[in-house]
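Report on the structure given below.
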There are 2 protein chains.
Amino acid sequence: MGAQIPETKRRLIAAALELIWRSSYGSVSVDDICKAADVRKGSFYHFFPSKADLAVAAMDHADIELRATYDRIFSPASPPLQRLENLAAFIYDAQKESAEKYGHVCGCPCASLGSEMGAQEPEIRAKFDEQRRHKTRYYQNVIRDLVAEGLLPADADVKAKADELFAYLMGRVMLARIENDLEPLRRDLKNGIFRTLGIAAETTPAA
Amino acid sequence: MGAQIPETKRRLIAAALELIWRSSYGSVSVDDICKAADVRKGSFYHFFPSKADLAVAAMDHADIELRATYDRIFSPASPPLQRLENLAAFIYDAQKESAEKYGHVCGCPCASLGSEMGAQEPEIRAKFDEQRRHKTRYYQNVIRDLVAEGLLPADADVKAKADELFAYLMGRVMLARIENDLEPLRRDLKNGIFRTLGIAAETTPAA
DNA sequence: AGCTGTCTTGACCGAACAGTCAAGACCCTA
DNA sequence: TAGGGTCTTGACTGTTCGGTCAAGACAGCT
């Protein structure tokens, strides 16, 4: 199981993810990635048949890195409303960190890659879809618990609500990147999540 | 006023918009655009100082082309709920048309460009922001009419709701592009708009 | 006819691009 | 210690990239 990824390959993936996240797939060359990873080009093509394959590996890496965090955010030990607040806070914090580190809000690398290259590289689209389904499983789980607690009606369409939540969050994060603006995430994201799911929000926007 | 844009320049803008919409900024070269517009490269650089400047002009063109359509969709002659239904139907129809014409759902060219290049080309970000503000003016207008008709409470935050609607629609359209899937637009967009604005939806999802 | 400004042309540039390859270094196992 | 698979290296390929340029075509004006 433990795939035992070689150090060089790991460095290439990490460098690619960082560079593509900051700018874009098309703006980052294989040479850029090799230089950032301190790896020669021949090694690159030893591990990856093409630049697009590395991009897919980078998407995978980004997703897998987040799994422990998502397990913590959606821990069944927390009440479901708390989990949603955790999610909103995490998204804001992660985007804020990217802005401080790279000078601008970086959004979601998988969504940006999917938008830029999904049509031309089917494997990128497929990887995005896989990750979308993976994330909506967390959302479905918390929605079911909201139903169980009576915070959502028993006949709520769990799958539909989870899909709506994914679309809402992705849109908000991408907009934050495009506009380079964290403020709407800080101010409105929590209420937006509640509204999207149909939970009566008692809170006012963050000051 | 009538800026009198030369035919050659017009062809370059149209070709650039089409090619970038289909694929992406980074995947389309100046040569590609020139070939599609049947224009020689020297002419290109006579009209545009750089590829990025053409992209901004293409965003402008895309937006201006839509203004008459938006005026029709949001005509004050229609009841406000009808305007929102018009909007949902237009978005679906436009995306469906792009899918039939180009083989896949193309999303919004300005959002894709903004995501891909906004960080590196400030003028692209600025143009996107200008267009976002322009569109939210339509949304604010219809929200005020919804308040006037008692469909929204008198103390509704018009600007906040308009911004939420923009984010929701952009997210939905970008997701349709990434996943190459029209179905959620057809099935859920109308209800999603109502939910985003806080209007009690009496309708069930489209079959 | 001559001038001027706008537009067009096609050849041209150096840099950057994705990708290749043969040769060798390294490490495990036999 | 010999062999073989994995990895590394750096030079290399042919193409394409965004952008430049000088020369000329063409129109409108005088």
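Just so it is clear: chains get the letters A, B, ... in the order the sequence lines come, proteins before strands, and each one is counted from 1.
- Under the side-chain hydrogen bond (donor to acceptor under 3.5 Å, both in side chains) criterion, the residue pairs touching residues 40-56 of chain A are A:Asp31-A:Lys41, A:Asp38-A:Arg40, A:Ser50-A:Asp53, with sequence neighbours excluded.
- For the pair A:Val28 and A:Ser43, both in contact range of DNA chain C, the more 5′-proximal nearest nucleotide belongs to A:Val28.
- Contacts between residues 33-42 of chain B and DNA chain D, defined by a heavy-atom separation below 4.0 Å, involve B:Lys41, B:Gly42, listed by number.
- Nearest heavy-atom pair across A:Ala99 and A:Leu182 is CB-CD1, 4.2 Å.
- Within residues 46-60 of chain B, the residues that have a heavy atom under 4.0 Å from DNA chain D are, in order of number, B:Ser50, B:Lys51.
- The ring pair (Phe, Tyr, Trp, His ring centres under 6.0 Å) search around B:Phe44 returns B:Phe48, not counting sequence neighbours.
- Applying the side-chain hydrogen bond (donor to acceptor under 3.5 Å, both in side chains) rule to A:Gln82 yields the partners A:Asn86; only residues at least two apart in sequence or on another chain are considered.
- Taking 4.0 angstrom as the limit, A:Tyr45 places none of its side-chain polar atoms (N or O) nearer than this to OP1 or OP2 of C:dT20.
- Classification of A:Asp163 and A:Lys159 as a salt-bridged pair holds, one side-chain N sitting under 4.0 Å from a carboxylate O.
- Using bins of under 30°, 30° to 60° and over 60° for the plane-to-plane angle, the ring pair B:Phe166/B:Phe128 lands in the perpendicular bin.
- With sequence neighbours left out, the side-chain hydrogen bond (donor to acceptor under 3.5 Å, both in side chains) criterion links A:Asp93 to no other residue.
- Side-chain contact annotation: B:Tyr139 with B:Glu164, donor-acceptor N/O pair under 3.5 Å absent.
- In the 5' to 3' direction, nucleotides of DNA chain D lying under 4.0 Å from heavy atoms of chain A begin and end at D:dC7 to D:dG10.
- Below 30°, between 30° and 60°, or above 60°: for A:Trp21 and A:Tyr102 the angle between ring planes is above 60°, a perpendicular geometry.
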Under-3.5 Å N/O pairs linking protein and nucleotides 13-15 of chain C:
none

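- Salt bridge annotation for B:Asp157-B:Lys161: absent, with no cationic side-chain nitrogen under 4.0 angstrom from a carboxylate oxygen.
- Listed by first then second residue, pairs satisfying side-chain hydrogen bond (donor to acceptor under 3.5 Å, both in side chains) with a partner in residues 105-123 of chain A read A:Gln120-B:Ser27, not counting sequence neighbours.
- Take A:Glu100 and apply the side chain to side chain contact (heavy atoms under 4.5 Å, CB included) test, not counting sequence neighbours, and it matches A:Lys96.
- Qualifying side-chain hydrogen bond (donor to acceptor under 3.5 Å, both in side chains) partners for A:Arg125, counting only residues two or more places apart in sequence or in other chains: none.
- To the nearest angstrom, C1' of C:dC7 lies 13 Å from CD of B:Glu7.
- No donor-acceptor pair under 3.5 Å is formed between the side chain of B:His104 and the backbone N or O of B:Glu179.
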With both pairing distances under 3.5 angstrom for Watson-Crick or G-U wobble, and | for a partner in another strand, the correct string for DNA chain D is ||||||||||||||||||||||||||||||
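- Classification of the A:Phe74-A:Tyr138 ring pair by plane angle, with boundaries at 30° and 60°, yields tilted.
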